[in-house]
Amino acid sequence: MASRDFPNDILSGSADEAAIGLLGCLLIREFDDGGIAAARIVETEAYDQNDPASHAFHGRSERNAALFGPSGRAYVYISYGMHRCFNVSAGDDGFGAGALIRAVEPVRGVEIMRERRFANRSGSRTTVGNRKDVDLTNGPAKLCQAMGIDLKLYGHDLSTAPLYLERNALLEGERIAASPRIGISKAAERLRRFFIVDNPYVTKSPLNRRNTLLAG
DNA sequence: CGTTGGATCCGCT
DNA sequence: GCGGATCCAACGA
């Protein structure tokens, strides 16, 4: 089933508008076995083709094509050779822009996420201790693992199953802050990271202290 | 609780 | 060849 309230307007503008507007929205994943996982977006980063830190900065390529396509598509890439990161494309067709989803808060299917994240990998006998729910989805590669987002979903239309977005307002009293982005070296001063203040799933970072509270 | 180093591979100025 | 939009185990305090 497709999303009943896909936030099209949120994604059609700038990368910043998309990154801010996606906060609070639900990300829903339908697995092949019928299981469903859902999570609230609590931390994002904006990137676009005018930004030296963006994968779109050096122009369109096979890898980053989803960023240049229409808004509301999945841009998935491999990070550090072994992790996956998930972006939502933004802006007009032809303009490279998107929002990296850095953290989400589980609202449904926590058991599925726990299984996907913490099940013993390839027979190794690693101790599965000290595993807390906050570690399920408090990072860009973690949430991809928890929600089964991989390269097979590259370019996927995020208004349709098996992975889709749904509009959802912030909770009463929740505030949004902007900070520099995490883990980049280029354009490191730009305030293009956005997060819900005091949400436990937001990545802990010294950059959190250099934030600016946004109006609203 | 904070810091550090290793894993691992794709795409590129 | 090099450098990541990262994660986690293994320390030390």
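Just so it is clear, the structure is predicted and the values come from calculations on it, not from any experiment. Each chain gets a letter, A, B and so on, in the order the sequences are listed, and its residues count up from 1.
- The side-chain tip of A:Arg193 points at the ring of A:Phe195 from less than 6.0 angstrom away and within 45° of straight on.
- Cation-pi geometry between A:Arg192 and A:Phe194 is not met at under 6.0 angstrom from the ring centre and within 45 degrees of the axis.
- In the set C:dA5, C:dG4, C:dC7, C:dG4 carries the atom at the smallest distance from any side-chain atom of A:Ser185.
- Remark: A:Glu174 engages A:Arg40 in a salt bridge, criterion side-chain N to carboxylate O under 4.0 Å.
- Of the side-chain N and O atoms in A:Lys204, none sit less than 4.0 angstrom from OP1 or OP2 of B:dG2.
- Counting all heavy atoms, side chain and backbone alike, A:Ala19 lies closest to A:Leu23 at O-CG, 3.7 Å.
- A:Leu158 has its side chain out of reach of A:Ser89: every pair of non-hydrogen atoms, C-beta onward, lies at least 4.5 Å apart.
- Remark: DNA chain B forms stems of 3 or more consecutive Watson-Crick or G-U wobble pairs, all pair distances under 3.5 Å, at B:1-7 with C:6-12, B:9-12 with C:1-4.
- Remark on DNA chain C: of its neighbouring residues A:Lys186 and A:Asn138, the 5'-side contact belongs to A:Lys186, judged by nearest-heavy-atom nucleotide.
- Contacts of A:Arg63 with the nucleic acid, taken as non-hydrogen atoms under 4.0 Å apart, involve only primed sugar atoms and P, OP1 or OP2.
- Looking at every heavy atom in both residues, A:Ala15 comes nearest to A:Gly98 through CB-O, 3.7 Å.
- By the neighbour-count criterion of 12 heavy atoms within 6.0 Å, atom CZ of A:Arg108 is sparsely surrounded, having that number or fewer from other residues, nucleotides or ligands.
- Of the residues in residues 37-58 of chain A, those lying under 4.0 Å from DNA chain B by heavy-atom distance are A:His58.
- For A:Tyr77 and A:His55, the ring centers are positioned less than 6.0 Å apart.
- At a non-hydrogen distance threshold of 4.0 Å, A:Tyr80, A:Gly81, A:Met82 from residues 72-84 of chain A come into contact with DNA chain B.
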